[in-house]
Amino acid sequence: MLKRTCYSDNMKDGKEVVLTGWVHERRDLGGIKFILLRDREGIAQITAPKKKVSEEIFKSMDSLGREWIIAVKGDVKSSPQAPGGLEVIPTEIEVISMAEPSLPLDPSEKVDADIDTRLDNRFLDIRKPRVTAIFKIRSDVLTAAREYLLSQAFVEIQTPKISASGTEGGTELFPISYFEREAFLAQSPQLYKQIMMATGMDRVFEIAHYFRAEESNTRRHLSESDAIDIEMAFIENEEEIMYILENLVSHILKYVSENRKKELDLLGVDISPLPKSFRRVTYDQAISFLQEAGFNVRHGEDLGTESEKALGNIVKEKYGDDLYFLTKYPLSTKPFYTNFDGNVARAFDLDYKGVEISSGGQRIHNVDILKTKIKEKGLSVSSFEAYLKTFRFGMPPHGGFGLGIDRLIMQMLNLENIREGVLFPHDRRRLEP
RNA sequence: GCCCGAGUGGUGUAGCCCGGCCCAUCAUCCAAGACUGUCACUCUUGUGACUCGGGUUCAAAUCCCGACUCGGGCGCCA
C-alpha cells in the first residue's frame, strides 16, 4: 500500500505526494477527468488531462466509485482553475477499499438526510467535513478545559459509575442488575466529589459520562451524556466557584476560536465576543424581566423551558450577553446539600443563549445542618450514612459545579439538536449504533 | 409520562385538504453514451418508491381504524 506523505491541506507546489482518502466527487469531461479526494483535513483535486497522464491512470479514473478509498501518488501543481489553487496530477492510483453503490446518505452534502437516517449511518455522516469539524472542536473543548483546570491546581479524578443508590434524587436513574443485587448507573459524581473534599485533595475535577433515565424526547436531552465536574475547598462563597466557571468557559471559547478557525468557518459559527466575566442576573431580576415581557411566571418556582429561552433573548437584547449566571434562587428549588442564606440558595446556574449548561454552588459542610436538610426534603438519613460520615471528621467549606459538555457544544455551535454534537447519541428511543 | 405531527425509489422531496386526470413529481445517486478545466460540470437515454394490517368505495398514495417507526413541544432535567 502506498504510504501517505501528507494531508490534503499540506500540499506544496512542485512536490511529489501520496494522498489517501475517500472519493468525494467525480467529474468526467471526456478529455479531462477530476476526482475530489477527501481526507481528514480537507479535499484535494486530482486532475487527469488525457495528454498528461498514462493511459492506464486515465482509464482507472472511470472505474472508481463514490466513497471508495484510494491512495494517489502524483505531482502537486499550482493551477488557477483548481479549488485552493493546487491540484495533483496522478502517476499512480491504488484502490484500498471499495464502497457499494447506493450510499445510505450523501457525504458530499448535495442532498440532506434526516437526523434519524444520519444517526443510523453515523460512520458515513461523520465523513461530512462539517460533521468532522464538530468533533475536532469537541476534542479541543476538552483539551482547553483540562489545560485551564490543571493551571488552577485542580487534580483530575475518576469516581464510580455504578453504585448502590442514587445521589441527589433529582433525575431518574437506570437500574442495572449487579450480581445478586440491584445497582444504579451514575447520574452525577456529586457525592463522590464532595467526599473528595474530606480527603485533603482540595481541588478536583472529573470529566466523565453520566446516565439519566429521563422520559424526555426533546432536542436537548440524551440518556447518556458527558460533563465536566469540579469541586473546591476552603471557599468563602459561591462567587469563588463562579469565578472558576466563567474563566473555564472563557478559556474554552478562546482556545476554540484560536485553534479551530477553519472548522468554525465551515460551520458558519462566530463565537465572539469572548467576555472575561459573565453577567450575574438574580432570580428576582429574572422574574421581573419576564413579567415585564408579559410572561406569567410566579416567584418561588423554577423557570420553565419557555421562560428560560425568553430570558436568554431578554438578556441578549438588554446587555448583548450570550452567557450569564442566574443567582440567588429560592432554596426550595435546589437539592438538599445546597448551602443557603435564609431562603436564598447559595447556588447558581450558567445559561448560554437561553439554555442551562451548568449549575453549581456552595454546599453545606456542617453535618447537623445537612441531616436537617435531608429530613426536610423527605429523604432518609440512613441511606446517606456513608456520605454523612465524611462530614464528621473534618470537612472544609466547599462547593463546585457540573458543566454539561454536550449542551455547551450545542449552544456554542448553534446546533439544532444536541445529538449533532455527540458521536453516537443514545436517547429515549435510540440505543444503536 | 402527556400532547401535536410525519412515514412516497438508496437519499431528500411533490402529490394527500377536495379519492379517478398517478402504471406517482423533481433533485441527487446509480447504469449506458457524448464532451479537454470541471468546481452541485453539462447534455441524451435508462433502472428504481406509496411503512404494515384492516375498513369505506365502482375506484385509495389520498378518507377511516389499529400497529410499528420516527420528529417535535411540554413536564422533568444538564
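Each chain gets a letter, A, B and so on, in the order the sequences are listed, and its residues count up from 1.
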Is the closest side-chain donor-acceptor distance between A:Thr20 and A:Arg4 under 3.5 Å?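 Present: a donor and an acceptor within the cut-off.
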Would the number of heavy atoms belonging to other residues, nucleotides or ligands and lying under 6.0 Å from [atom1] of [X] be above 12?
{"X": "A:Tyr178", "atom1": "OH", "result": "no"}
{"X": "A:Lys50", "atom1": "NZ", "result": "no"}
{"X": "A:Lys377", "atom1": "NZ", "result": "yes"}
{"X": "A:Asn343", "atom1": "CG", "result": "no"}
{"X": "A:Glu240", "atom1": "CD", "result": "yes"}

Answer with base, sugar-phosphate or nothing: what part of the nucleic acid does [X] contact at a heavy-atom distance below 4.0 Å?
{"X": "A:Arg430", "result": "nothing"}
{"X": "A:Arg118", "result": "nothing"}
{"X": "A:Glu25", "result": "sugar-phosphate"}
{"X": "A:Gly65", "result": "nothing"}
{"X": "A:Arg220", "result": "base"}
{"X": "A:Pro83", "result": "base"}
{"X": "A:Arg429", "result": "base"}
{"X": "A:Gln81", "result": "base"}
{"X": "A:Leu222", "result": "base"}
{"X": "A:Lys33", "result": "nothing"}
{"X": "A:Thr117", "result": "sugar-phosphate"}
{"X": "A:Ala113", "result": "sugar-phosphate"}
{"X": "A:Asn217", "result": "base"}
{"X": "A:Gly404", "result": "nothing"}

Given that both distances must come in under 3.5 Å, which nucleotide forms a Watson-Crick or G-U wobble pair with [N]?
{"N": "B:U44", "result": "B:A32"}
{"N": "B:G5", "result": "B:C70"}
{"N": "B:C63", "result": "B:G55"}
{"N": "B:C26", "result": "B:G12"}
{"N": "B:C17", "result": "none"}

Inter-nucleotide [atom1] distance ([N], [M]), Å rounded:
{"N": "B:U8", "M": "B:U62", "atom1": "C1'", "value": "12 Å"}
{"N": "B:A60", "M": "B:C17", "atom1": "P", "value": "14 Å"}
{"N": "B:C3", "M": "B:C52", "atom1": "C1'", "value": "25 Å"}
{"N": "B:A40", "M": "B:U28", "atom1": "C1'", "value": "9 Å"}
{"N": "B:C29", "M": "B:G12", "atom1": "C1'", "value": "11 Å"}
{"N": "B:U11", "M": "B:U51", "atom1": "P", "value": "13 Å"}
{"N": "B:G33", "M": "B:U38", "atom1": "P", "value": "24 Å"}
{"N": "B:G1", "M": "B:U57", "atom1": "P", "value": "37 Å"}

A:Phe289 and A:Lys318: which non-hydrogen atoms are nearest, and at how many Å? CE2-CE, 3.2 Å
Sub-4.5 Å side-chain heavy-atom contact between A:Lys261 and A:Leu264: no
Examine the base of B:G37 for any acceptor or donor lying under 3.5 Å from a partner atom in the side chain of A:Glu87, and report the outcome as yes or no. yes
Under 3.5 Å, is there any donor-acceptor pair linking the side chain of A:Ser216 to the base of B:G75? yes
Is the Lys NZ or Arg CZ of A:Lys373 less than 6.0 Å from the centre of A:Tyr337's six-membered ring, within 45° of the axis?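 So A:Lys373 doesn't make the cation-pi contact.
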Starting the side chain at C-beta, find the nucleotide from [options] nearest to [X].
{"X": "A:Thr218", "options": "B:U13, B:C70, B:G73", "value": "B:G73"}
{"X": "A:Thr305", "options": "B:G71, B:G37, B:G75", "value": "B:G75"}
{"X": "A:Arg219", "options": "B:A78, B:G72, B:G1", "value": "B:G72"}
{"X": "A:Lys309", "options": "B:G37, B:G75, B:C74", "value": "B:C74"}
{"X": "A:Lys110", "options": "B:G71, B:A40, B:U38", "value": "B:A40"}
{"X": "A:Val111", "options": "B:G72, B:G75, B:U28", "value": "B:U28"}
{"X": "A:Arg26", "options": "B:A31, B:C39, B:G73", "value": "B:A31"}

Whole Å only: how far is the [atom1] atom of [X] from the [atom2] atom of [N]?
{"X": "A:Asp116", "N": "B:G72", "atom1": "CG", "atom2": "C1'", "value": "13 Å"}
{"X": "A:Asp349", "N": "B:C76", "atom1": "CG", "atom2": "P", "value": "14 Å"}
{"X": "A:Glu67", "N": "B:C30", "atom1": "CD", "atom2": "C1'", "value": "14 Å"}
{"X": "A:Asp62", "N": "B:C35", "atom1": "CG", "atom2": "C1'", "value": "13 Å"}
{"X": "A:Gln45", "N": "B:A40", "atom1": "CD", "atom2": "P", "value": "11 Å"}
{"X": "A:Asp28", "N": "B:C43", "atom1": "CG", "atom2": "C1'", "value": "13 Å"}
{"X": "A:Asp120", "N": "B:G12", "atom1": "CG", "atom2": "C1'", "value": "15 Å"}
{"X": "A:Glu356", "N": "B:C76", "atom1": "CD", "atom2": "P", "value": "12 Å"}

Between A:Pro80 and A:Ser225, name the one whose nearest nucleotide on RNA chain B is closer to the 5' end.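 Closer to the 5' end of RNA chain B: A:Pro80.
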Starting at the 5' end of RNA chain B and moving along, which residue's nearest nucleotide shows up first, A:Ile115 or A:Thr47?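 On the 5' side of the pair lies A:Thr47.
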Any chance you could lay out the side-chain hydrogen bond (donor to acceptor under 3.5 Å, both in side chains) test for A:Thr159 and A:Lys161, step after step, and finish with the verdict? CA-CA 7 Å; A:Thr159 63; A:Lys161 297 293 164 271; 3.2 Å; yes
Give a yes/no on whether any side-chain N or O of A:Arg428 is located under 4.0 angstrom from OP1 or OP2 of B:C77.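 A:Arg428 to B:C77 OP1/OP2: no side-chain N or O under 4.0 Å.
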